[in-house]
Amino acid sequence: MTKKLLEVNDLKINFKTYAGVVQAVRGVSFELYEGETLAIVGESGSGKSVTSNAIMKLIPQPPGVYAGGQIVLEGRDLIPLSEKEMSKVRGNDIAMIFQDPMTALNPTMRVGRQITEVILKHKKISSSEAKDRALKLLELVGIPMPEKRFRQYPHEFSGGMRQRVVIAIALAADPKLLIADEPTTALDVTIQAQILELMKDIQKKSKTSIIFITHDLGVVANVADRVAVMYAGQIVEYGTVNDIFYNPKHPYTWGLLGSMPDLKNNVKEELRTIPGSPPDLIHPPQGDAFAPRNEFAMAIDYEMEPPMFQVSETHYAKTWLLHPDAPKIPIPEEIARRIEGYLKEEQDDGK
Amino acid sequence: MLRYIFKRLIYILIALFIIVSATFFLMKLAPGSPFASERDFPAEIEAQLNAKYGLDNPWYIQYKDYLVDTISFDFGESMKYKGRSTNDIISESFPISLTLGIEAMILSIGLGVLLGVIAALYHNRWPDYLATTIAVLGISVPSFILAGLMQYFLAYKLGMFPVSGWKGFNYSILPALAIAITHAGFIAKLIRSSMLEQGNSDYVKMARAKGLGKWTTVFRHTLRNALLPVVTYLGPLTAGVVTGSFIVEQIFAIPGLGRHFVTSITNRDYTVIMGTTVFYSIILLFAVLIVDILYSVIDPRIKLKGAKK
């Protein structure tokens, strides 16, 4: 049995704004084991980036407020830690890969120094040893001629190369947890695939756990072990990749899967969307936040928030449809067709 | 890099030529002569004086003479102060202006950066409001009013500094402050806004995510990028410090070059006008060149045109 690395319990993050208190994260809980990849998916504004920043305690306070919950890393709650204690965790235990490699590197500092900076901060080694390590890292992330690249500035790198540098920086102090906040969104598709391969490769070698924030379900299927679907600051469905892709239970997950173009079944259909827009989190709706956009919403959805129903040992979903008294609603046909497609593909691949 | 500097030097020469010519013709257009303010001369004496200084020649001969003098850096004897050459006047008074100018530059950059960083770090809290208020006051209160106020309160009432004169370091503090505060206010505003802008950028967040402390992040990452607009401002700052010193030198009775620059014009002291103008122009043109070179040193993305990598 692998070791539990991170446990987030009922995390709540608020932002104080002039318009009122925005409840960006409303009670998120999940666990992460060593060497595992958790993907957090959801549309913009669902609180996935806030959650990831919250784990590193990078939420600016004010306006951000930790309104409750725990972030337990290897048995230690991070929330009460001081800035000084936290700076020993950041970069060292938890590292982050940012979305846009074009802006994540300091334009006026040589790339090498941006890497050695982390090593020197967290490891007790000399600067020449740090340099050796940085060169090895550059080689590891697939940057040719590391000696020469070491002395160059970020503007002399292409987007994909810069993201490799960002990954090298994240790996510099051997973190136990890597948070990747949409690391491939700003890259073009071929580079995306390379970066994903690189991350999987690194994970295999170093047993790092990864939290992967994305809104691209294709990427999720490619990298994740577990998936958490977020909506309006809450996790609405949580399970293994197979649970989420082959046996989705929440209507929102159906909607997400349905809005991916179905390329396998060769059926002519319009691109599907989820109607409406996410709720205002200053005044979160009573009951299920997804109810107004849910074609299967029941009366109770507008009255009471559903609890997390357990579907299987690994699979949870937050919808009243799973209540024993709820009418049995079959998965919509289009979604079922997609799932069949996935299953068929898997069989063909012989996975 | 050398090629770039060489090219810029040629531009400086062209600019100087235009400045010298413009000054010469403006000087000629202005009515009056160096000898107009004195007692009425008999016509023969005035003619003799004109002949002595070459003022009886046609304008193109005079123009040629001036150009030759300028190229050889020999501006000749002052027409007003008998027996003193322009070069002497400059070499006597310039070191004083230079000291004052450098002090003012250091003060304005130091104060400005300090205020700006404090304001940005304590964004929308009381240190920010305090620093911003000081900056706005500094920008809006003219230096001569500030000079007078400081003379009255700090020097006369409290006796902390001498009121005027130039006999040592103590004497330079108030005038340097008077010149510096306007620019310090401006720099503080620039630093504040660019620090805030940089503070929101990803690489600063990345630096925090690396586990760097608040101050390490500011000094190693944010400040250097936030300094770029300030470097741009250094050119005009040099000009401002130089010209600002005219009035301030007058108020504090400092025997600097600024005084000569102004009085020479009212005196129609042609040789001194020419000398001081050329001198100031050279300083300013080189200041701008140095700023441009500095810019590429601070920001590696800026490659000087014509410069080799």
Side-chain angles (χ1 to χ4, degrees), chain A residues 49 52-53 55-60 62-63 82-111 113-123 151-156 162 165-166 169-170 172-173 175 178-179 181 186, chain B residues 1 113 117 120-129 191 194-232 292-305 307-309:
Chain A
S49 286
S52 67
N53 283 334
I55 294 169
M56 287 206 96
K57 288 190 71 183
L58 280 175
I59 304 276
S82 70
E83 258 307 293
K84 209 173 168 189
E85 290 168 307
M86 206 50 220
S87 74
K88 287 187 192 125
V89 175
R90 286 187 200 125
N92 195 18
D93 295 328
I94 313 177
M96 197 154 180
I97 298 171
F98 286 84
Q99 175 173 353
D100 187 358
M102 305 313 261
T103 57
L105 295 171
N106 184 346
T108 59
M109 195 188 270
R110 289 180 205 279
V111 160
R113 183 141 180 252
Q114 301 196 39
I115 303 174
T116 54
E117 188 178 55
V118 202
I119 305 172
L120 290 172
K121 161 86 195 180
H122 296 294
K123 307 240 175 226
R151 279 180 295 114
Q152 286 186 329
Y153 287 97
H155 67 97
E156 294 166 273
R162 282 192 213 190
V165 172
V166 173
I169 292 174
L178 203 56
I179 299 177
D181 190 352
Chain B
M1 191 68 162
V113 170
V117 169
L121 281 186
Y122 296 92
H123 183 43
N124 282 346
R125 274 178 279 168
W126 69 264
D128 179 19
Y129 297 129
I191 287 270
S194 66
M195 280 277 289
L196 287 177
E197 193 191 314
Q198 300 292 337
N200 281 330
S201 63
D202 275 357
Y203 72 85
V204 172
K205 211 169 142 196
M206 174 110 165
R208 307 279 292 135
K210 283 175 178 177
L212 301 181
K214 185 175 178 179
W215 292 100
T216 322
T217 310
V218 167
F219 286 110
R220 214 182 280 168
H221 291 274
T222 328
L223 195 56
R224 184 163 171 184
N225 288 287
L227 274 179
L228 286 172
V230 176
V231 176
T232 323
D292 283 354
I293 293 172
L294 254 183
Y295 216 86
S296 76
V297 170
I298 290 193
D299 190 344
R301 283 168 299 182
I302 295 166
K303 284 269 175 285
L304 301 175
K305 239 190 198 164
K308 270 195 200 135
K309 217 169 135 188

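Lettering follows sequence order; numbering is per chain, from 1.
Partners of A:Lys123 according to the salt bridge (charged side-chain N to carboxylate O under 4.0 Å, His left out) rule, which considers only residues two or more places apart in sequence or in another chain, are A:Asp174.
Using a 4.5 Å cut-off between heavy atoms, A:Ile179 makes no contact with chain B at all. In this structure, no portion of A:Arg110 lies under 4.5 Å from any heavy atom of chain B. Heavy atoms of A:Val89 lying under 4.5 Å from chain B are absent altogether.
Between A:Gln114 and B:Lys210 the shortest side-chain heavy-atom distance falls below 4.5 Å. When side chains are defined from C-beta on, A:Pro154 counts as touching A:Val111, because their heavy atoms get closer than 4.5 Å. Taking the side chain as every heavy atom from C-beta outward, A:Thr108 and A:Tyr153 never approach each other to under 4.5 Å. Side-chain contact between B:Val117 and B:Thr222 is absent, with no heavy-atom pair separated by less than 4.5 Å.
Annotation: maximal heavy-atom pairing with chain B below 4.5 Å, among A:Met86, A:Arg113, A:Lys84, A:Lys88, occurs at A:Arg113.
Remark: A:Glu83 engages A:Arg90 in a salt bridge, criterion side-chain N to carboxylate O under 4.0 Å.
Interface with chain A: from residues 194-205 of chain B, residues B:Asp202, B:Tyr203, B:Lys205 qualify, criterion being any non-hydrogen pair under 4.5 Å.
Here salt bridge (charged side-chain N to carboxylate O under 4.0 Å, His left out) pairs that include residues 216-225 of chain B, with residues two or more places apart or in two chains, are A:Glu117-B:Arg220.
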With a cut-off of 3.5 Å and sequence neighbours excluded, list every side-chain donor-acceptor pair involving residues 93-101 of chain A.
unit_1	atom_1	unit_2	atom_2	d
A:Asp93	OD1	A:Lys176	NZ	3.1
A:Asp100	OD1	A:Met102	N	3.0

